[in-house]
Amino acid sequence: MSQKNQTLGEFIIENQASFKYSSGELSRLINSIRLAAKVVNHAVNKAGLVDILGHSGDTNTQGENQQKLDVYANEKFIQMLTNRNIVCGIASEEEQDFMAINSYDNNHQNKYVVLIDPLDGSSNIDVNVSVGTIFSIYRRVTPVGSAVTIEDFLQKGTEQVAAGYIIYGTSTMLVYTTGDGVNGFTLNPAIGTFYLSHPNMRFPTHGSIYSVNEGNYIHFPQGIKNYIKYCQMEEEDRPYTSRYIGSLVSDFHRNMIKGGIYLYPQSSTYPEGKLRLLYECNPMAFLAEQAHGKASDGYRRILDIQPEALHQRVPFVCGSAAMVEDVKRFMSKEHKL
Ligand code: AHG
Ligand code: MN
Ligand code: MN
């Protein structure tokens with residue numbers, strides 16, 4: 001039985017047998033993510049002391065400014081996953097195209113592809129506010145023995161075999177699911193070990209926090225505007241309180257523990273929403289559902305959306321189940337944008 005203070009290494013071994021495709025490959029993959037998390041954590045923690053703050057001078061594939069830590073985290077995760085030769089493909093927010101991974105003696109035998117947002121909330125790096133890493137894992141759909149194709153990455157969120165995030169906050173945590181609940185592990189930095197600190201994490205069914213960038217309010221669809229006004233109204237359990245860090249991982253983590261909802265709706269600036277379906281919304285939606293929460297684009301379940309492009313964006317509403325249902329109700333009363 002998993003128990004508090006069990007190490008992540010022990011937990012992975014213990015739970016390997018209960019995973020339906022158990023061959024040890026997924027365990028090795030999560031172990032590599034664990035190692036990369038420690039390396040990136042080290043860089044994030046001493047960010048003010050070394051020349052790693054600020055812009056890298058480049059833009060990424062979405063035309064956004066890359067921070068030096070975006071580039072660093074991207075390199076470390078890719079390095080860790082390729083050196084150990086345990087995945088057949090990687091897609092990242094920081095790379096235009098997916099990468100097919102193969103070692104000279106492996107002949108494309110690996111089964112898993114990984115999609116990552118190496119550094120989430122990067123606008124918070126320079127001001128010492130929590131950032132994160134998000135990952136999503138699928139089994140390939142193309143045959144073993146051949147190079148991966150875009151098809152292996154454009155799978156519905158329902159097909160994920162594992163997903164998680166690392167939060168580099170007041171403490172560093174790795175939170176993940178393999179489809180059997182959500183567990184959170186806290187890093188003891190003195191000895192470099194993650195311990196199970198948050199077993200079986202669950203969203204309260206209802207909460208009193210709403211997280212949205214209200215600076216964009218006038219651009220939101222009417223249904224979202226109405227929901228925000230509803231949150232602010234004086235009623236039995238309202239007004240709710242507003243908390244927005246601007247780092248999806250941190251906002252999600254807080255809401256999962258305390259009860260709340262995160263919204264990044266479509267707007268005239270971002271007609272498709274801002275967040276990326278494959279390496280931001282799907283992994284968070286999988287975690288949310290595993291933690292008894294919900295994730296929607298305002299109308300549809302996120303995990304049911306058929307992806308069409310690697311960097312596709314989608315409106316995102318995620319959190320306590322009853323609160324997500326409230327937003328859907330408000331949206332259904334209004335016309336689509
Ligand atoms: P990233 O740093 O990976 O580009 O992601 C930033 C995302 C998300 O983490 C956050 O919630 C949102 O963008 C913040 O956007 P605004 O600054 O527009 O509110
Ligand atoms: Mn992000
Ligand atoms: Mn990012």
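Both ligands and their constituent atoms are indexed starting at 1 by order of listing. In what follows, every heavy atom counts, from backbone to side chain, and hydrogens, waters and symmetry copies are set aside.
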Are [X] and [Y] close enough that their ring centers fall under 6.0 Å?
X	Y	value
F185	Y195	no
H311	Y279	yes
Y264	F316	no
Y270	H219	no
Y227	F330	yes

Give me the residue, atom name and distance of the protein heavy atom closest to [atom].
atom	result
atom 7 (C) of ligand 1	L275 CD2, 3.7 Å
atom 18 (O) of ligand 1	Y264 OH, 2.6 Å
atom 10 (C) of ligand 1	G246 O, 3.4 Å
atom 17 (O) of ligand 1	K274 NZ, 3.9 Å
atom 19 (O) of ligand 1	Y244 OH, 2.5 Å

Quick check for you: with the Mn ion (ligand 2) as the vertex, what angle do OE2 of E280 and OD2 of D117 span, to 10°? 90°
Measure up the Y240 and Y230 rings against each other and bin them: parallel (under 30°), tilted (30 to 60°), perpendicular (over 60°). perpendicular
Hydrogens and angles aside, do D152 and T142 bring a side-chain donor and acceptor to less than 3.5 Å of each other?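 Result is yes, a qualifying pair exists.
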Taking only heavy atoms of [X], which atoms of ligand 1 are found under 4.0 Å from at least one of them?
X	answer
E280	3 (O), 5 (O)
L119	2 (O), 3 (O)
D117	3 (O)
L248	8 (C), 9 (O), 10 (C), 11 (O)

Does R276 come within less than 4.0 angstrom of ligand 1, counting non-hydrogen atoms of the residue?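 So R276 counts as touching ligand 1.
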Quick one: does Y262 get an N or O within less than 3.5 Å of an N or O on ligand 1? yes
Min N/O separation G121 to ligand 1 under 3.5 Å: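 Yes, G121 has an N/O under 3.5 Å of an N/O on ligand 1.
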Selection from N213, I134, D120 by shortest heavy-atom distance to atom 8 (C) of ligand 1: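 Selected option, by shortest heavy-atom distance: D120.
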Region of [X] that comes within reach of ligand 1 [heavy atoms, distance under 4.0 Å]:
X	answer
S247	backbone
V131	neither
E94	neither

Looking at the Mn ion (ligand 3), is one of the N, O or S atoms of [X] less than 2.8 Å from it?
X	answer
D120	no
E94	no
L119	yes

Under-4.0 Å salt bridge between K294 and E325: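 A salt bridge links K294 with E325.
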Regarding E159 and K156, does a basic nitrogen lie under 4.0 Å from an acidic carboxylate oxygen?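 Not counted as a salt bridge, because no side-chain N and carboxylate O are separated by less than 4.0 Å.
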What pair of heavy atoms forms the shortest contact from F220 to S267, and how long is it? CD2-CB, 4.3 Å
Check step by step if side-chain hydrogen bond (donor to acceptor under 3.5 Å, both in side chains) holds for R28 and N31. CA-CA 5 Å; R28 288 200 297 283; N31 267 323; over 6 Å; no
Closest E93 atom to the Mn ion (ligand 3) [N, O or S only]: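 Going by distance to the Mn ion (ligand 3), the closest N, O or S atom in E93 is OE1.
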Calculate, to the nearest 0.5 Å, the distance between atoms CD and CD1 belonging to Q266 and I224 respectively.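 Answer rounded to 0.5 Å: 6.5 Å.
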Between D251 (side chain) and G246 (backbone), is there a donor-acceptor pair under 3.5 Å?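 Checking the backbone N and O of G246 against the side chain of D251, a donor-acceptor pair under 3.5 Å is found.
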